[in-house]
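Notes for the one structure printed next.
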Amino acid sequence: MQKIVTADGEFMARYSEKGLAELNFPARGRARAPVGRHRGPAGKTSAKLRRWERVTKAALMSILAGRAPEKFPPLDLDGTDFQIRVWHALLKIPTGRTKSYGEVARAIGKPKAVRAVGGACGANPVPLLIPCHRVLAANGKIGGYSGGLDWKRKLLAREGVKA
DNA sequence: CCCACAAGTCGCT
DNA sequence: AGCGACTTGTGGG
């Protein structure tokens with residue numbers, strides 16, 4: 001687990017052999033679950049990994065500033081087929097734009113799976129890079145957010161979205 | 001197996 | 001304008 005220090009707190013990133021596998025919001029308040037220190041494959045902290053870390057941090061900083069990242073690190077998404085599809089659809093939402101859960105559901109060809117889309121968003125292992133925060137309820141309301149609604153509002157505000 | 005959920009639409013009052 | 005039922009995928013009792 002690598003710390004990524006930003007003005008908004010310390011994010012935690014976890015990488016697999018294939019790319020960024022997980023990103024966590026700053027642990028507020030109480031100490032974080034130990035989860036054991038995650039040593040990469042012993043020995044070489046490959047140049048690959050360091051490159052990912054650099055790109056990830058840059059991308060994160062951009063998003064926190066309300067701008068579109070220039071580059072994305074490779075993502076190693078672990079989830080069900082349905083979830084992967086949802087996450088991919090989310091990646092296509094441009095900065096400063098929003099979609100409703102219903103639109104996302106239609107985008108993946110399952111217009112009635114609206115509710116399931118919400119679940120998939122909550123299961124998103126890489127928030128911010130996969131912009132769950134740009135998904136609003138159909139009536140333009142804020143909806144929910146796994147990282148806390150304050151985060152969702154803050155991020156949208158920085159992107160210039162008026163909810 | 002039944003329930004809840006970051007939803008949405010339809011039908012009925 | 002509000003309420004109930006049905007819809008899908010997933011995780012927990």
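This one's a predicted model, so the numbers in the text were calculated from it and none came from an experiment. Proteins get letters first, then strands, A, B, ... in listed order; numbering begins at 1 in each.
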Before giving the answer on side chain to side chain contact (heavy atoms under 4.5 Å, CB included), spell out for Asp78(A) and Ile84(A) the whole-Å C-alpha distance, their side-chain angles and the decisive distance to 0.1 Å. CA-CA 8 Å; Asp78(A) 180 28; Ile84(A) 303 277; over 6 Å; no
Determine whether Leu64(A) and Arg158(A) satisfy the following criterion, side chain to side chain contact (heavy atoms under 4.5 Å, CB included), listing intermediate values before the conclusion. CA-CA 7 Å; Leu64(A) 287 173; Arg158(A) 289 179 185 178; 4.0 Å; yes
List the steps, then state whether side chain to side chain contact (heavy atoms under 4.5 Å, CB included) holds for Lys154(A) with Asp8(A). CA-CA 11 Å; Lys154(A) 192 187 314 185; Asp8(A) 293 289; 4.1 Å; yes
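Regarding Leu149(A), its CG atom lies at a distance of 9 Å from the C1' atom of dA6(B), rounded to whole Å. The nearest whole Å value for the distance from the CZ atom in Arg106(A) to the P atom in dA7(B) is 16 Å. As rounded to whole Å, 13 Å separates atom P of dG8(B) from atom NZ of Lys99(A).
Note: Phe11(A) and Phe25(A) have tilted aromatic rings, judged against thresholds of 30 and 60 degrees for the angle between ring planes.
Contact annotation: the side chain of His133(A) never approaches that of Trp151(A) to less than 4.5 Å [non-hydrogen atoms, C-beta and beyond]. Between Thr6(A) and Met61(A), the closest side-chain pair of non-hydrogen atoms falls below 4.5 Å.
Spacing of P atoms, dG4(C) relative to dA4(B), comes out at 14 Å, to the nearest Å. Taking atom P on both dC3(B) and dA5(C), the two are 13 Å apart, rounded to the nearest angstrom. A gap of 15 Å separates the P atoms of dC2(B) and dC6(C), to the nearest Å.
In this structure a side-chain-to-backbone donor-acceptor pair under 3.5 Å is present from Asn124(A) to Ile130(A). For Lys99(A) (side chain) and Ile93(A) (main-chain N/O), no donor-acceptor pair under 3.5 Å exists by modelled atom type. Side chain of Lys152(A) to main chain of Gly144(A): a donor-acceptor pair is present (N/O by atom type, distance under 3.5 Å, no hydrogens or angles).
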Based on Watson-Crick and G-U pairs with both distances under 3.5 Å, what dot-bracket line describes DNA chain B 5' to 3', crossing pairs as [ ] and inter-strand pairs as |? |||||.|||||||
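Nucleic acid contact class of Ser100(A) (heavy atoms, under 4.0 Å, all strands): sugar-phosphate only.
With hydrogens and angles ignored, no donor-acceptor pair closer than 3.5 Å exists between the side chain of Tyr145(A) and the base of dA6(B).
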Using atom names, set out every protein N or O paired with an N or O of nucleotides 7-10 of chain C below 3.5 Å, distance rounded to 0.1 Å.
from: dT7(C); atom 1: O4; to: Arg115(A); atom 2: NH1; distance (Å): 2.9
from: dT8(C); atom 1: O2; to: Ala116(A); atom 2: N; distance (Å): 3.1
from: dT8(C); atom 1: O4; to: Arg115(A); atom 2: NH1; distance (Å): 3.1
from: dG9(C); atom 1: OP1; to: Lys110(A); atom 2: NZ; distance (Å): 3.0
from: dT10(C); atom 1: OP1; to: Thr80(A); atom 2: OG1; distance (Å): 2.1

